[in-house]
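Okay, structure first, notes after.
Every chain is numbered from 1, with letters handed out A, B, ... down the list of sequences.
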2 protein chains.
Amino acid sequence: MTRAGVTPERLVRAGVELADEVGFDGVTVSALARRFDVKVPSLYSHVRNSQDLKTRITLYALEELADRSAAALAGRAGRDALIALGTVYRDYAHAHPGRYAAARMRLDPRTAATSAGPRHSQLMRAILLGYRLDSTDQVHAVRLIGSTFHGYISLELAGGFDHSDPGPQESWERIMDALDALLRNWPTRQPPEGPS
Amino acid sequence: MTRAGVTPERLVRAGVELADEVGFDGVTVSALARRFDVKVPSLYSHVRNSQDLKTRITLYALEELADRSAAALAGRAGRDALIALGTVYRDYAHAHPGRYAAARMRLDPRTAATSAGPRHSQLMRAILLGYRLDSTDQVHAVRLIGSTFHGYISLELAGGFDHSDPGPQESWERIMDALDALLRNWPTRQPPEGPS
DNA sequence: CCCGTTTCCTAAACCTACTATGCATCAGCC
DNA sequence: GGCTGATGCATAGTAGGTTTAGGAAACGGG
């Protein structure tokens with residue numbers, strides 16, 4: 001009975017790859033045990049339960065995505081920064097759909113606080129430095145950008161743009177343009193009536 | 001052995017309610033059988049399998065949401081229409097999170113084509129009649145609006161805005177303002193540099 | 001009233017999560 | 001080199017999910 005060499009770290013790594021192959025929901029203790037050629041209960045020495053496993057995968061994905069975001073944002077501001085961050089998210093979701101799904105899983109507040117989540121908020125906020133928004137508008141703008149990024153990626157991955165004409169890449173670029181224009185010209189309050 | 005009176009329609013209705021109570025993922029044939037006080041295999045006379053059940057729930061939710069959207073859009077245009085549609089989506093997601101999740105499930109192309117999905121596209125496009133966009137920009141604008149709506153609702157439901165200050169209602173209103181401003185002033189192409 | 005259809009059942013095969021428990025192996029110490 | 005304790009992995013078993021096969025009982029039309 002030679003040992004398979006299971007460790008929590010290797011489990012998470014394998015879980016991350018499994019997620020990209022079969023989807024985050026397909027990450028089960030059983031599937032992971034098969035991958036290690038080990039019986040299911042053996043994994044419970046290394047991971048508390050299925051939830052714990054998924055949480056670790058989520059934390060891994062959040063870190064990885066935050067690292068890539070930080071790298072992409074270095075030295076960029078305004079429109080460049082906006083597009084760079086959006087592209088990192090979108091590329092990550094395409095290359096690693098399981099990890100992207102994992103990164104969206106809700107964490108309990110205590111775990112979330114020590115995750116890379118706050119780093120993501122920081123980075124998102126950094127984009128706005130290139131645009132002149134007062135501090136209360138910044139929160140709203142961050143939420144708008146986050147919503148649009150996530151919404152677009154989510155719909156695109158779900159195949160929502162598959163059967164209509166302009167490719168998703170073109171729409172993405174136009175939407176980045178639109179967001180940039182919006183941030184440069186953020187409406188002060190209830191905008192006036194009539195044409196511009 | 002008095003009959004329980006299970007029909008596909010009643011199953012879907014119950015499944016829809018169950019989804020709102022325990023989440024769309026919690027809709028299982030077993031849970032539904034318990035709700036009807038009937039043994040699990042009995043349901044397989046009325047529904048092909050678990051996937052079929054979920055598809056039917058999705059179709060129901062898509063219809064219902066399209067009906068509400070159409071009602072809300074009647075007689076409205078431009079900014080009013082934009083906010084009305086967004087509010088319908090968001091209110092629906094809050095009141096019926098399970099149905100909203102169901103409505104986002106991917107359908108196979110054949111089923112999708114006969115679903116209320118196309119109606120949703122139509123309604124979304126109708127909003128843009130109040131704004132002057134050329135037809136290629138319309139597709140991009142529809143995708144932007146859809147992404148932002150879905151992204152915001154998704155993040156809000158996932159608790160993403162729970163632990164920071166301005167309430168989600170305020171951000172939502174400001175984002176509707178921003179979208180309206182953007183649509184009234186849609187950037188023609190790569191926008192010029194420099195301040196506005 | 002009786003027969004066919006429908007509705008629901010039991011039984012059983014197979015998946016996943018998880019717990020309890022036990023044995024084998026490895027590291028370190030004498 | 002052999003003992004000892006911690007660790008790695010296994011077997012066994014509970015519990016709940018999906019699904020198929022086949023059978024009995026209720027309902028409804030002739």
Side-chain angles (χ1 to χ4, degrees), chain A residues 1-61 97-99 101-102 105-108 111, chain B residues 1-60 97-98 101-102 105-108 111:
Chain A
M1 195 198 302
T2 47
R3 300 194 179 189
V6 181
T7 68
E9 291 70 30
R10 295 187 57 197
L11 273 186
V12 172
R13 282 292 317 177
V16 156
E17 285 160 21
L18 184 62
D20 286 335
E21 291 167 24
V22 301
F24 188 50
D25 289 342
V27 176
T28 71
V29 179
S30 301
L32 214 50
R34 274 193 294 275
R35 179 161 292 221
F36 276 88
D37 206 43
V38 143
K39 298 299 172 186
V40 174
S42 306
L43 299 192
Y44 283 86
S45 319
H46 309 280
V47 167
R48 259 212 321 283
N49 51 32
S50 185
Q51 185 56 43
D52 179 36
L53 171 65
K54 289 192 171 183
T55 298
R56 289 178 197 236
I57 293 172
T58 293
L59 293 175
Y60 181 97
R99 303 183 202 191
M105 187 184 74
R106 187 171 195 169
L107 296 172
D108 75 290
T111 312
Chain B
M1 195 199 298
T2 49
R3 300 195 176 185
V6 181
T7 68
E9 291 71 31
R10 294 187 59 197
L11 272 187
V12 173
R13 282 290 319 175
V16 156
E17 286 159 21
L18 184 62
D20 286 335
E21 291 168 24
V22 302
F24 188 50
D25 289 342
V27 176
T28 71
V29 179
S30 300
L32 216 48
R34 276 193 292 275
R35 179 161 294 219
F36 276 89
D37 206 44
V38 143
K39 299 299 175 186
V40 175
S42 306
L43 299 192
Y44 282 84
S45 319
H46 307 281
V47 166
R48 261 213 317 284
N49 53 31
S50 185
Q51 185 57 42
D52 179 35
L53 171 64
K54 289 192 172 183
T55 298
R56 289 177 195 236
I57 293 173
T58 293
L59 293 175
Y60 181 97
M105 186 183 75
R106 186 170 196 169
L107 295 173
D108 75 290
T111 311

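Taking the side chain of B:V38 as heavy atoms from C-beta on, and the options C:dA17, C:dC9, D:dT19, the nearest nucleotide is C:dC9. Listed nucleotides: D:dT18, D:dG8, C:dC18. Nearest to the side chain of B:V29: D:dT18. Nearest nucleotide to the A:S30 side chain, out of C:dC9, C:dT16, D:dA10: C:dT16. With C:dC8, D:dT11, D:dT19 as the choices, the nucleotide that has an atom nearest any side-chain atom of B:H46 turns out to be C:dC8. Listed nucleotides C:dT16, D:dG17, D:dT20 differ in distance to B:Y44; the shortest reach to its side chain belongs to D:dT20.
Taking 4.0 Å as the cut-off between side-chain N and carboxylate O, B:E17 and B:R13 count as a salt-bridged pair. Salt-bridge annotation for B:E21 and B:R35: present, with a side-chain N of the basic residue lying under 4.0 Å from a carboxylate O of the acidic one.
Rounded to whole Å, the distance from NZ on A:K39 to P on D:dG13 is 16 Å. Between the CG atom of A:L32 and the P atom of C:dC15 there is a distance of 18 Å, rounded to whole Å. Distance B:D25 CG to C:dA17 P: 14 Å, rounded to the nearest Å. The interatomic distance linking B:L18 (CG) with D:dG17 (P) rounds to 11 Å, in whole Å. Atom pair A:N49:CG and D:dA15:P shows a separation of 19 Å (rounding to whole Å applied). Atom CG of A:L11 is separated from atom C1' of D:dG8 by 12 Å (rounded to the nearest Å). Atoms CG (B:L43) and P (D:dT20) sit 13 Å apart, rounded to a whole Å. Nucleotide C:dC18 holds its P atom 9 Å from the CD atom of A:Q51, rounded to whole Å.
Rounding to the nearest 0.5 Å places CZ of A:F24 at 4.0 Å from OG1 of A:T58.
A:R34 has no side-chain polar atom (N or O) that falls below the 4.0 Å cut-off from OP1 or OP2 of C:dC15.
Nucleic acid contact class of B:S45 (heavy atoms, under 4.0 Å, all strands): base.
Taking for each of B:P41 and B:T7 the nucleotide of DNA chain C with the nearest heavy atom, the 5'-most of the two is the partner of B:T7.
Judged by distance alone, the side chains of A:T111 and A:D108 do bring a donor and an acceptor atom under 3.5 Å apart.
In plain terms, the two heavy atoms of B:V16 and B:I57 that are nearest each other are CG2-CG2, 3.9 Å.
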